[in-house]
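If you read the sequence from its start, that first residue is 1, and numbering goes on from there.
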Amino acid sequence: MRIFDLKKCKLDKNYLFAFIIAIICSIICGIVLFKISNLNIYFYNYAEIYVYNVFIFNNGALFFPHLLAEIFYLYIFLCISKYTKLKYLTLIALVIRTVFASIYCAVLLTMCGISGITVCLIVYLPCILMSLAACFCTAQFHEACDKRYILFLPCLVSVLLSIVYLLFVNLLFRIIIVLV
C-alpha cells in the first residue's frame, strides 16, 4: 500500500511562475510598508520578544505559535487547492503571509541591532522560505497523497517544519552564538 503515488505529480509551471511573482511582489510591498510599521509599536514589540525568545532558547514560546500558523496556512492552501478549482486563490493567502513576513524581517534587520540581524539570517529567513516551499508543495502535489491521509498531511508537514524550526534555534543558532 502506497501513501504517495508519484505518478500523479505534475508540476504546473504557470502556478509556479505566479507563485514566484506573488512572493517577489509581496516582498517589495512589505519593504515599502515597513515605513508604516515604524509608526506601529506592535511590530517592534513582536521583534523584540522574538529576538529575546530566540536568545534565551524559550522553545515553548517559539514552537506553538509557529506550529499553529503553519497548520492554519497549510490547511488554507490544501482546502482551496483540493476542494475548489481555483488554485490561484491560494496566492492571496501567500501574499498576505509574505507581506507580514517581509515586514517582520525588515523590522528585525533594522530596529533590533546586531542581535536582530543574526536571528533574522540564521533562524527567521530559512524557516520562512521552508514554509513557503511547504505551502507550494501542499497546493501543488496534494493529488499524490492517498485520500484517506490527505487531511493529516498539513498537520504532519507543520509538525515537521516546527521541529526543523526548533533545530535551527537550538542547534544551528546556539553553535553560531557559541563560536562567535
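Minimum heavy-atom separation, Q140 to Y15: OE1-CD2, 3.2 Å. Of all the heavy atoms in I122 and P126, the pair that sits closest is O-CG, 3.5 Å. Scanning all heavy atoms of the two residues, the minimum distance from A18 to L91 falls at CB-CD1, 3.7 Å. The heavy-atom pair separating L109 from I117 by the smallest distance is O-CG1, 3.6 Å. The two residues A22 and L94 come nearest to each other via the heavy atoms CB-CD2, 3.7 Å. Contact detail for A139 and K87: the closest heavy-atom pair is O-CD, 3.8 Å.
Within 6.0 Å of CZ in F57 there are more than 12 heavy atoms belonging to other residues, nucleotides or ligands. Within a 6.0 Å sphere centred on CZ of F63, other residues, nucleotides and ligands contribute more than 12 heavy atoms.
Rounded to the nearest 0.5 angstrom, L166 CG and C127 SG are separated by 9.0 Å. With values rounded to the nearest 0.5 angstrom, C155 atom SG is found 10.0 Å from L78 atom CG. From N45, atom CG reaches atom CE of M111 across 10.0 Å, with rounding to the nearest 0.5 Å. Of the inter-residue distances, the one linking F168 atom CZ with L161 atom CG reads 10.5 Å to the nearest 0.5 angstrom. Once rounded to the nearest 0.5 Å, the distance linking CZ of F173 with CG of L121 reads 10.5 Å. Here the straight-line distance linking atom CG of L132 with atom CZ of F19 works out to 5.5 Å at 0.5 Å rounding.
Residues Y165 and L160 fall into different hydrophobic clusters, defined by Ile, Leu, Val, Met, Phe, Trp and Tyr side chains chained together at heavy-atom separations under 4.5 Å. Clustering ILVMFWY residues whenever any of their side-chain heavy atoms sit less than 4.5 angstrom apart, transitively, puts L156 in a cluster other than the one holding F141. I114 and I175 are assigned to two separate hydrophobic clusters, defined by single-linkage of ILVMFWY side chains at heavy-atom distances under 4.5 Å. By the criterion of side-chain heavy atoms lying less than 4.5 angstrom apart, applied directly or through intervening Ile, Leu, Val, Met, Phe, Trp or Tyr residues, L16 is not grouped with I21; the two fall into different hydrophobic clusters. Placement of Y42 and I96 within a single hydrophobic cluster is found when ILVMFWY residues are connected by side-chain heavy-atom separations under 4.5 Å, directly or transitively.
Counting only distance, with no hydrogens or angles, the side chain of Y44 and the backbone of C112 share no donor-acceptor pair below 3.5 Å. For the pair T84 (side chain) and S81 (backbone), a donor-acceptor distance under 3.5 Å is absent. Side-chain atoms of S26 come within 3.5 Å of backbone atoms of I23 as a donor-acceptor pair (strictly under, hydrogens ignored).
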Could you go through Y73 and T138, starting from their C-alpha distance and side-chain angles, then the distance that decides it, and tell me whether this counts as side-chain contact (heavy atoms from CB on, under 4.5 Å)? CA-CA 10 Å; Y73 279 108; T138 301; over 6 Å; no

Between V159 and L67, does the side-chain contact (heavy atoms from CB on, under 4.5 Å) criterion hold? Intermediate values first, please. CA-CA 6 Å; V159 166; L67 177 69; 3.8 Å; yes

Please determine whether side-chain contact (heavy atoms from CB on, under 4.5 Å) holds for the pair E70 and V157, giving the CA-CA distance in whole Å, both sets of side-chain angles, and the decisive distance to 0.1 Å. CA-CA 8 Å; E70 290 296 329; V157 171; over 6 Å; no

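Checked against the 6.0 Å centroid criterion, the rings of F136 and F77 do not qualify as a close aromatic pair. Taking the ring centroids of Y50 and Y104, they lie at or beyond the 6.0 Å cut-off.
With C105 as the fixed residue, the side-chain contact (heavy atoms from CB on, under 4.5 Å) test singles out one of F34, Y124, F100: Y124.
E48 and Y52 are not linked by any side-chain donor-acceptor pair at a separation below 3.5 angstrom, with hydrogens and angles left out of the test.
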